[in-house]
There are 2 protein chains.
Amino acid sequence: MIDRAPLELERFLPYRLSILTNTVSQAIAREYERRFDLSVTEWRVMAVLARYDGEGLSAREVAERTAMDKVAVSRAVARLVAAGRVTRRTHHGDKRRSVLRLTAKGWKVHDAVAPLARAQEREVLARLDAEERAWLARILDKLLMA
Amino acid sequence: MIDRAPLELERFLPYRLSILTNTVSQAIAREYERRFDLSVTEWRVMAVLARYDGEGLSAREVAERTAMDKVAVSRAVARLVAAGRVTRRTHHGDKRRSVLRLTAKGWKVHDAVAPLARAQEREVLARLDAEERAWLARILDKLLMA
DNA sequence: TGCAAATGGTTTCATGTGAAACTATAAGGG
DNA sequence: CCCTTATAGTTTCACATGAAACCATTTGCA
């Protein structure tokens with residue numbers, strides 16, 4: 001049986017996910033790109049550095065925790081270091097590895113952006129009722145695991 | 001009250017949506033990009049042309065129905081025309097507008113790709129049970145309207 | 001009518017991005 | 001130990017993308 005019925009793009013899951021992701025991400029990204037000269041990739045790097053602060057993550061660990069590839073991380077880190085938002089040192093005992101940490105300046109940016117991000121998330125979730133939010137969380141968990 | 005708790009990226013909705021969208025889209029996109037030399041944007045254009053066939057859509061209408069901007073559509077159409085998959089004529093009575101249609105060759109590609117796309121969607125949805133699928137549809141409807 | 005504003009579409013420019021190649025260092029196996 | 005292989009990270013190249021400028025045509029209205 002040949003499957004020739006026209007594909008209805010607006011009912012097609014990958015398409016709908018793509019639209020939703022773009023609108024949700026862009027809404028906030030534009031804001032902090034403009035106000036802080038901070039790209040999405042840079043923000044993600046800052047977020048994980050903030051979260052695992054004190055440990056001093058390597059670029060590879062950042063890549064793992066942000067689902068970005070190492071090239072993207074390398075570039076984001078280079079910009080963050082140039083902007084004085086992140087320090088990069090060499091790992092004791094493994095000169096290949098870098099040790100990344102937020103600077104005080106980096107923390108200030110983080111503390112300004114984090115509430116914006118949270119507010120944006122709340123705004124989206126506010127359009128759902130409690131039951132829908134619970135299902136959404138569950139569905140994402142399921143689809144995202146391995 | 002200042003909101004300084006570290007932002008957990010892996011629980012953050014925009015981030016999770018972004019990961020999910022990328023994995024879902026790339027899984028299939030890679031396949032038909034390689035086999036048919038067809039980008040995601042080109043595929044979307046073909047999908048709406050197939051769906052509204054006979055009417056002969058303009059580039060603007062394609063843009064509306066694919067949520068792509070007019071630049072992206074212009075480029076995708078140019079490639080499709082060059083590949084002989086789409087014809088472009090000038091609208092009767094409005095020389096600014098184009099009238100786009102799939103060629104027989106275009107239909108062949110469409111008929112080969114559409115089942116791949118559907119199969120990919122089914123594969124994702126198969127990871128959810130019936131109840132979850134219903135909620136997902138409902139949640140996307142709600143989040144995507146307006 | 002004639003002219004400013006709007007519309008359809010393309011081109012240009014500056015920037016972002018992934019893949020692959022590359023450098024440097026470390027680890028592992030004979 | 002040496003030498004192959006693996007790993008961390010950067011650079012290069014080729015291409016995708018969005019914003020703004022642009023051209024042609026049409027519309028609205030003084």
Exercise for review: Indicate yes or no: at least one non-hydrogen side-chain atom of B:His110 is less than 4.5 angstrom from one of B:Trp43.
Suggested key: yes

Check your understanding: Of all of residues 34-45 of chain A, which get a heavy atom below 4.0 angstrom from DNA chain D, listed by number?
Key -> none

Practice item. Run through B:Val113, B:Val62, B:Thr41, B:Leu38 and flag the one making a side chain to side chain contact (heavy atoms under 4.5 Å, CB included) with B:Met46. Key: B:Leu38

Review point. Are the side chain of B:Glu61 and the backbone of B:Ser58 linked by a donor-acceptor contact shorter than 3.5 Å?
Key: yes

Study note, to complete from the structure: Contacted region of DNA chain D by chain B, from 5' end to 3' end of the hits, cut-off under 4.0 Å to heavy atoms, spans D:dT17 to D:dT26

Check your understanding: Hey, can you pull the residues of residues 55-85 of chain A with a non-hydrogen atom under 4.0 angstrom from DNA chain D?
Key -> A:Ser58, A:Ala59, A:Arg60, A:Lys70, A:Val71, A:Ser74, A:Arg75

Practice item. Select one nucleotide: of C:dA24, C:dT10, C:dG9, the one nearest the side-chain heavy atoms of B:Arg88. Key: C:dT10

Study note, to complete from the structure: By nearest-heavy-atom nucleotide on DNA chain C, the more 5' of A:Asp94 and B:Arg96 is B:Arg96

Point to revise | B:Arg138 vs A:Trp135 side-chain heavy atoms within contact, under 4.5 Å | key: no

**Study point:** Lys/Arg-Asp/Glu bridge criterion (N-O < 4.0 Å) met for B:Arg97, B:Asp94
**Key:** yes

Exercise for review: Apply side chain to side chain donor-acceptor pair (under 3.5 Å) to B:Arg51 and list each qualifying residue two or more places apart in sequence or on a separate chain.
Suggested key: A:Glu10

Practice item. Looking only at non-hydrogen atoms, find the nearest pair between A:Leu9 and B:Ala47 and report the distance. Key: CD1-CB, 4.3 Å

Please report, to 0.1 Å, the donor-acceptor pairs under 3.5 Å made by any side chain of residues 71-84 of chain B, with sequence neighbours excluded.
unit_1	atom_1	unit_2	atom_2	d
B:Arg79	NH1	B:Glu42	OE2	2.8
B:Arg79	NH2	B:Asp37	OD2	3.1

Check your understanding: Can you tell if the side chain of A:Leu143 reaches within under 4.5 Å of the side chain of B:Leu128, non-hydrogen atoms only?
Key -> yes

Review point. To the nearest angstrom, how far is A:Arg97 atom CZ from C:dA26 atom P?
Key: 10 Å

Review point. Whole Å only: how far is the NZ atom of B:Lys95 from the C1' atom of C:dA6?
Key: 18 Å

Just list the side-chain donor-acceptor pairs under 3.5 Å for residues 13-23 of chain B, sequence neighbours left out, or say none.
unit_1	atom_1	unit_2	atom_2	d
B:Tyr15	OH	A:Thr66	O	3.4
B:Arg16	NH1	A:Asp141	OD1	3.0
B:Arg16	NH2	A:Ala137	O	3.4
B:Arg16	NH2	A:Asp141	OD1	3.3
B:Ser18	OG	A:Arg44	NH2	3.1
B:Thr21	OG1	A:Leu17	O	3.4
B:Thr21	OG1	A:Thr21	OG1	2.6
B:Thr21	OG1	B:Leu17	O	2.9
B:Asn22	ND2	B:Ser18	O	3.4
B:Thr23	OG1	B:Ile19	O	3.2
B:Thr23	OG1	B:Leu20	O	2.9

